[in-house]
K.L.:
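If you scroll down you'll find the structure; I have some questions about it.
Just so we're on the same page: letters track the sequence lines, and every chain starts at 1. What you see is a predicted model; the values in this text were computed from it and never measured.
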2 protein chains.
Amino acid sequence: MTSAAKAVEELPGQNETDSLIPAAFRDVIGYHLRVAQEVSFQAFSAMLEKTDLKPGWYSILTILAEYDGLTPSELSKVCGRDRSTLTSTLKGLSIRGLIERRQNPDDQRSYSVRLTDEGRKMQARLHAFAQEHDRRLDAIVGEDKEALVAILARIVGALGKG
Amino acid sequence: MTSAAKAVEELPGQNETDSLIPAAFRDVIGYHLRVAQEVSFQAFSAMLEKTDLKPGWYSILTILAEYDGLTPSELSKVCGRDRSTLTSTLKGLSIRGLIERRQNPDDQRSYSVRLTDEGRKMQARLHAFAQEHDRRLDAIVGEDKEALVAILARIVGALGKG
DNA sequence: TATTGTTATACTCTATAACTATA
DNA sequence: TATAGTTATAGAGTATAACAATA
């Protein structure tokens, strides 16, 4: 067995899902950002297994709770995704009776999206999961939260969407 | 036009790729984590367009540079992914002459993976891109870097790989 | 029986390009 | 011509289950 293989065998944790952090990644912000976001997203996703909604749908419902009556194009701007990515989400939400589409009388090509009463209830339910998740993260981060959010926002501002 | 639609129209930035941050997400760590990781990863990916390698391959090359001679299973433990996800990556690296597979004389089922000289050169080249990206992030984060990495590591430790 | 690497398959998230129907 | 929404397609990243070869 090579020395490298030995190092792998001597993983610090007890179970085989633990992973080493290669030395080349130890002080790399991008690496830690990626791994932290991954575990955070997975923890949130796990909570949503009780529902039949995909994790990404929560943000759409929440945007609609805040900006009621947006068109798909407007919605795509708010969430920063291409409008084509919204089609299947809106279909899924519509099939479940969580949103309704209202034809725009001034432009036959377009329509506005509104939460139904059921949609509002579901948004509230998912929001409760999200808040539980947030509280967990807040507890982990502690008093550094404001600083953390500021740093992350700075990264987004500096690297942009380009 | 609804008031929500007006808010969208009055997006702060000049170009249409800017996105609002819905109030419900403003103080949510998970949201900022996701967006920051996304722009960071995209910035790094953009640098790798000069090569014919996928962004994820850099980490495999770098792990091999550090732990030479791992088997695919060992490699999968180090990078924390299922071993089936490595097959196509190893094939891609092998086709390009960046790694070589050495049959394990003690176990005919297995083999060890080594970087070729070309592989080492390519790893160094990608590592230079990564370092450039890291320097950018370091400049953005500034003196808070140690604290940031500590917080992110804490999140990973607390939420685990669940 | 258990493990190794591979294959087949599937799912999430995303994007681009082309299509349609309007404008 | 340009825009709104949709469709078709693709690609990166991931996972599970099953398979053949070997242990």
K.L.:
How close or far is atom C1' of D:dA12 from atom CZ of B:Phe44, stated in whole angstroms?
P.N.:
14 Å
K.L.:
Taking B:Gln123 for its side chain and B:Ala65 for its backbone only, find out whether a donor-acceptor pair lies under 3.5 Å.
P.N.:
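No; judged by distance alone, with no hydrogens or angles, the pair does not exist.
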K.L.:
Nearest-Å distance, CG (B:Leu48) to C1' (D:dG11)?
P.N.:
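Computing the B:Leu48:CG to D:dG11:C1' distance gives 16 Å.
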K.L.:
Roughly, in whole Å, what's the span from CD in A:Glu49 to C1' in D:dA15?
P.N.:
13 Å
K.L.:
Any idea which of C:dT12, C:dT14, C:dT7 is nearest the A:Lys54 side chain?
P.N.:
C:dT12
K.L.:
Relative to the 5' end of DNA chain C, which residue comes earlier, B:Lys91 or A:Ser84, by the nucleotide with the nearest heavy atom?
P.N.:
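Its nearest nucleotide being more 5', the pick is B:Lys91.
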K.L.:
Between C1' on C:dT14 and CD on B:Glu38, what's the gap in Å once rounded to a whole number?
P.N.:
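To the nearest whole Å, that distance equals 9 Å.
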K.L.:
With nearest nucleotide decided by heavy atoms, which residue, A:Asp82 or A:Arg34, maps closer to the 5′ end of DNA chain D?
P.N.:
A:Asp82
K.L.:
Output the rounded distance in Å from CG (A:Leu86) to C1' (D:dA8).
P.N.:
17 Å
K.L.:
Just by modelled atom types, is the A:Ser73 backbone N or O under 3.5 Å from a matching donor or acceptor in the A:Ser76 side chain?
P.N.:
yes
K.L.:
Can you measure A:Leu70 atom CG to D:dG5 atom P for me and round it to whole angstrom units?
P.N.:
11 Å
K.L.:
With sequence neighbours excluded, give me every side chain to side chain donor-acceptor pair (under 3.5 Å) pair touching residues 140-150 of chain A.
P.N.:
A:Asp138-A:Lys145
K.L.:
Is the phosphate of D:dG5 approached by A:Ser73 (side-chain N or O, under 4.0 Å from OP1 or OP2)?
P.N.:
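So the side-chain polar atoms of A:Ser73 do come within 4.0 Å of the phosphate oxygens OP1 or OP2 of D:dG5, strictly under.
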K.L.:
Counting the atoms with a prime plus P, OP1 and OP2 as sugar-phosphate, which does A:Thr71 contact under 4.0 Å by heavy atoms, base, sugar-phosphate, or nothing?
P.N.:
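Sugar-phosphate contact only - A:Thr71 comes under 4.0 Å of backbone atoms but never of a base.
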K.L.:
OP1 or OP2 of C:dT6 less than 4.0 angstrom from a side-chain nitrogen or oxygen of B:Tyr111, does that happen here?
P.N.:
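The answer is yes; a side-chain N or O of B:Tyr111 sits under 4.0 Å from OP1 or OP2.
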K.L.:
Contact class for B:Ser110 vs. all strands (heavy atom < 4.0 Å): base, sugar-phosphate, or nothing?
P.N.:
sugar-phosphate
K.L.:
So, is B:Arg109 near the phosphate of C:dG5, with a side-chain N or O under 4.0 Å from OP1 or OP2?
P.N.:
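So the side-chain polar atoms of B:Arg109 never come under 4.0 Å of the phosphate oxygens OP1 or OP2 of C:dG5.
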K.L.:
Name the nucleic acid region contacted by B:Asp107, choosing base, sugar-phosphate or nothing; use a 4.0 angstrom heavy-atom cut-off, strictly under.
P.N.:
sugar-phosphate
K.L.:
Which whole-number value in Å describes the distance from B:Ile60 CD1 to D:dG13 C1'?
P.N.:
12 Å
K.L.:
Under 3.5 Å, side chain of A:Arg96 to main-chain N/O of A:Gly92, donor-acceptor pair present?
P.N.:
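Yes.
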K.L.:
Closer than 4.0 Å, any side-chain N/O of B:Arg83 to the OP1 or OP2 of C:dG5?
P.N.:
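For C:dG5, OP1/OP2 do not have a side-chain N/O of B:Arg83 under 4.0 Å.
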K.L.:
Report the residue (A:Trp57 or B:Leu90) whose heavy-atom-nearest nucleotide on DNA chain C is the more 5′ of the two.
P.N.:
B:Leu90
K.L.:
Check every atom of D:dT7, D:dA17, C:dT22 against the side chain of A:Gln108 and return the nucleotide holding the closest atom.
P.N.:
C:dT22
K.L.:
For B:Asp106 and D:dA23, what is the distance between atoms CG and P respectively, to the nearest whole Å?
P.N.:
9 Å
K.L.:
For a quick test of reading the model: is some side-chain N or O of B:Arg101 closer than 4.0 Å to OP1 or OP2 of C:dT6?
P.N.:
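Result: yes.
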K.L.:
Among all residues two or more places apart in sequence or in another chain, which pass the ring pair (Phe, Tyr, Trp, His ring centres under 6.0 Å) test with A:His133?
P.N.:
A:Phe44
K.L.:
Within less than 4.0 Å of OP1 or OP2 of C:dT6, is there a side-chain N or O belonging to B:Thr87?
P.N.:
yes
K.L.:
Side chains of A:Thr62 and B:Tyr31: does their closest heavy-atom pair fall under 4.5 Å?
P.N.:
no
